[in-house]
Number of protein chains: 2
Amino acid sequence: MSMSGNGPTKRPLGTCFVRAHRGLCADCRPELPCVVASYKSSDREFEAGQDLFSLGKPCDSIYNLTEGWVILYNLLEDGRRQILHFALPGAVLGFHPGDSAMMTYGAQALTDVTVSSIPHKALLPIVKQQPEFGLRLAWLIARDCSLAFDRLTSIGRHSASKRVAHLLLKLFIRYRAQWPGNQIEEMHLPLTQEDIGDATGLTSVHVNRVLGDLRKDGIVKFHYRRLQIINPDKLIDVARIDPQLVLSWIR
Amino acid sequence: MSMSGNGPTKRPLGTCFVRAHRGLCADCRPELPCVVASYKSSDREFEAGQDLFSLGKPCDSIYNLTEGWVILYNLLEDGRRQILHFALPGAVLGFHPGDSAMMTYGAQALTDVTVSSIPHKALLPIVKQQPEFGLRLAWLIARDCSLAFDRLTSIGRHSASKRVAHLLLKLFIRYRAQWPGNQIEEMHLPLTQEDIGDATGLTSVHVNRVLGDLRKDGIVKFHYRRLQIINPDKLIDVARIDPQLVLSWIR
DNA sequence: CGCTATCTTGAGGCGGATCAACCGCAGTGG
DNA sequence: CCACTGCGGTTGATCCGCCTCAAGATAGCG
């Protein structure tokens, strides 16, 4: 279940095939020389459904996601789940506060996934050789933190339909940002309605009703992991996101 | 409204007066040489209620909080608010994704506050001189991110009383961690019930009822900004936090 | 073709929001 | 000294959004 075949139909030739994933590697931000090239990072692959690391267990490496979708999640003792974050290519995973501490959340591959891993022990040497690496790492983590704050506001203060709309819009924009210059209004979104519920703090039953409403209102269709944005303006309105801000994301 | 006079009554002499605030400065993690000493960071003060930076405006410096409490928050168009994070001494504020971008959240001083500020422009030179600085920065931000994930789970999946208990317990533990070796069960918590509501996604009315229940059950008392933990074990149970984990925090 | 995961739809209940008083207390100004 | 004001907390009545439980329907897959 890779991302291939799910992409947009018309895609500009040339650089756009090089995904702008903004990770730790060399092609991400040209103005900063890259480190990973000089450090022999080892690639790993995970199948959809596998855990990259697990809740309550130690994790001795950080992962730089190069292909696929990963969710970070928390489990409650009664089996319910809260999805904390959707990681897209470029994300850094597993940089935890405190060396060799237990992870306080898990990471599961939503699709087949490839990552390059760097042991925690290697971080200090890398940083000494390439000081910019540390800043870039901080920058990537700060972005994830900002996304977490965003979802905190959504879950804490918005109604069900706004939460779902917000989630879909954000994922759509983040996905699209990986293929700059590309105009799409449809994408493969590897989620079940249960996943959407776990991310928005709702039950899958209620997510289903909300999606039905959004479809009836001609805003979005989400059916069997295919997301279509029918009316972007309405979606932005329902998601309670500043249109100005959306423009700045799209660039 | 400084923190003085609010501290615990019996405090071990000696090192415990040096607050372990784990910030960017030299006394935070002895194993890593510090940077800020070599960079002439400028101190600033803010009064309680003032904004360190505001939602939708640019912010050209990062702040290292040295004294006081700061909240990060979001405002909705209808005037409601979501508190995203409580920053305690040692925290790094204003390191935003993307240089000179608009802040997507605001920061307000809950008490009188002192910070040392470092312009964004100075970060790259600092990192080049002291590479560990970048790692420490990333580490601090990752910790905040982890706390945000924690609250996401609480708000998304727990009942009102669990959310409130979770918040109070976390704040208590984080406050106490600043004074290691100190046994206290009472603290000055500079929050209103409205603040607690804005942090937990509840209304102040409902927070009031929940606090009443917690008081009746002999778990905690929170009255006019004074928090007393009556029954820590029960609180840990209600907050749905792994007792093992709590122990590891307390050390 | 049966099995399982996912989606769909309905009925009923509850947790927390909303609306609306009222209290206690600290200023503050006459 | 007391009236006035404002903030924060307290309490009650009512309402509604979302959860829960339950029973199909549909799609994907070996």
Side-chain angles (χ1 to χ4, degrees), chain A residues 1 5-6 47-49 76 78-83 108 110-111 154-168 188-216 220-228 238 240, chain B residues 1 48-49 71 76 78-83 108 110-111 154-168 188-216 220-228 238 240:
Chain A
M1 193 191 286
N6 306 317
E47 286 179 17
L76 314 192
D78 62 6
R80 287 183 304 161
R81 183 177 63 153
Q82 175 68 46
I83 292 182
Q108 186 179 47
L110 269 184
T111 64
S154 178
I155 293 184
R157 289 302 186 202
H158 285 312
S159 67
S161 58
K162 285 171 189 162
R163 289 188 227 173
V164 171
H166 185 100
L167 178 70
L168 295 181
H188 173 79
L189 188 61
L191 304 180
T192 64
Q193 293 183 358
E194 182 111 33
D195 293 331
I196 295 178
D198 287 346
T200 52
L202 301 167
T203 55
S204 61
V205 173
H206 201 63
V207 168
N208 182 277
R209 294 190 227 271
V210 166
L211 286 175
D213 291 346
L214 290 175
R215 183 162 17 87
K216 275 206 274 301
V220 299
K221 286 184 186 166
F222 178 70
H223 231 65
Y224 290 98
R225 304 183 188 187
R226 177 144 291 276
L227 174 68
Q228 299 176 54
V238 173
R240 310 269 73 186
Chain B
M1 191 191 288
I71 52 167
L76 314 192
D78 61 7
R80 286 183 303 159
R81 183 177 65 151
Q82 176 68 46
I83 292 182
Q108 188 179 47
L110 269 184
T111 64
S154 178
I155 293 184
R157 290 302 185 202
H158 285 312
S159 66
S161 57
K162 285 170 188 161
R163 289 189 226 173
V164 171
H166 184 100
L167 178 69
L168 295 181
H188 173 79
L189 188 60
L191 304 180
T192 64
Q193 294 184 356
E194 181 111 32
D195 293 330
I196 295 179
D198 286 346
T200 51
L202 301 167
T203 55
S204 62
V205 174
H206 201 63
V207 168
N208 181 278
R209 294 191 228 270
V210 166
L211 286 175
D213 291 345
L214 290 175
R215 183 162 16 88
K216 274 204 277 301
V220 298
K221 285 184 186 165
F222 178 71
H223 233 64
Y224 291 98
R225 307 188 183 181
R226 177 144 291 276
L227 174 67
Q228 298 175 56
V238 172
R240 311 268 75 186

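All of these numbers come straight from a predicted model, not from anything done at the bench. Chain naming here is simple, since letters A, B, ... match the order of the sequence lines and numbering starts at 1 in each.
Between B:Leu189 and the options B:Asp195, B:Leu167, B:Leu168, a side chain to side chain contact (heavy atoms under 4.5 Å, CB included) holds for only B:Leu168. With B:Leu191 as the partner, the side chain to side chain contact (heavy atoms under 4.5 Å, CB included) test is satisfied by one option alone out of B:Leu227, B:Ile83, B:Ile196: B:Ile196.
Regarding A:Asp195, its CG atom lies at a distance of 11 Å from the C1' atom of C:dT6, rounded to whole Å. Atom P of nucleotide D:dT11 and atom CG of B:Leu211 are separated by 12 Å, given to the nearest angstrom. One interatomic measurement links the two molecules: CG of A:Asp78 to C1' of D:dC19, which rounds to 13 Å at whole-angstrom precision. D:dC19 atom C1' lies 15 Å from atom CG of A:Leu76, rounded to whole Å. Rounded to a whole Å, the CG atom of A:Asp213 is 12 Å from the P atom of D:dG17. The CZ-C1' distance, from A:Arg215 to C:dC7, rounds to 10 Å in whole Å. When the C1' atom of D:dG9 is taken as reference, atom CG of B:Leu214 falls 16 Å away, rounded to whole Å. The CD1 atom of B:Ile196 sits 16 Å away from the P atom of C:dG16 (whole-angstrom rounding).
Among the atoms of the strands shown, only primed sugar atoms or phosphate atoms (P, OP1, OP2) are found under 4.0 Å from some heavy atom of A:Gly201. Nucleic acid contact class of A:Ser159 (heavy atoms, under 4.0 Å, all strands): sugar-phosphate only.
In this structure, the nucleotide among D:dT10, D:dT20, D:dC18 sitting nearest to the side chain of A:Ala160 is D:dC18. For A:Val205, the side-chain atoms get nearest to C:dG10 when compared with the rest of C:dG10, D:dG9, D:dC19. Checking D:dG9, C:dT9, C:dC7 against the side-chain heavy atoms of A:Arg209 singles out C:dT9 as nearest.
In this structure, A:Thr203 reaches the D:dC19 phosphate: one of its side-chain N or O atoms is under 4.0 Å from OP1 or OP2. Between A:Arg225 and C:dT6 there is a side-chain polar atom (N or O) within less than 4.0 angstrom of OP1 or OP2. Between D:dT10 and B:Asn208, a contact under 4.0 Å exists linking OP1 or OP2 to a side-chain N or O. Side-chain N/O atoms of A:His223 include one lying less than 4.0 angstrom from OP1 or OP2 on C:dT8. Put simply, B:Gln193 has a side-chain N or O that comes within less than 4.0 Å of OP1 or OP2 on D:dT10.
Without hydrogens or angle criteria, A:Arg157 side chain to B:Leu202 main chain gives a donor-acceptor distance under 3.5 Å.
Atom CZ of B:Arg81 is separated from atom CD1 of B:Ile71 by 4.5 Å, given to the nearest 0.5 angstrom. Distance check, rounded to the nearest 0.5 Å: NE2 of A:His166 to OG of A:Ser159 gives 12.5 Å.
Both A:Tyr224 and B:Leu202 lie near DNA chain C, and the one whose nearest nucleotide falls closer to the 5' end is A:Tyr224.
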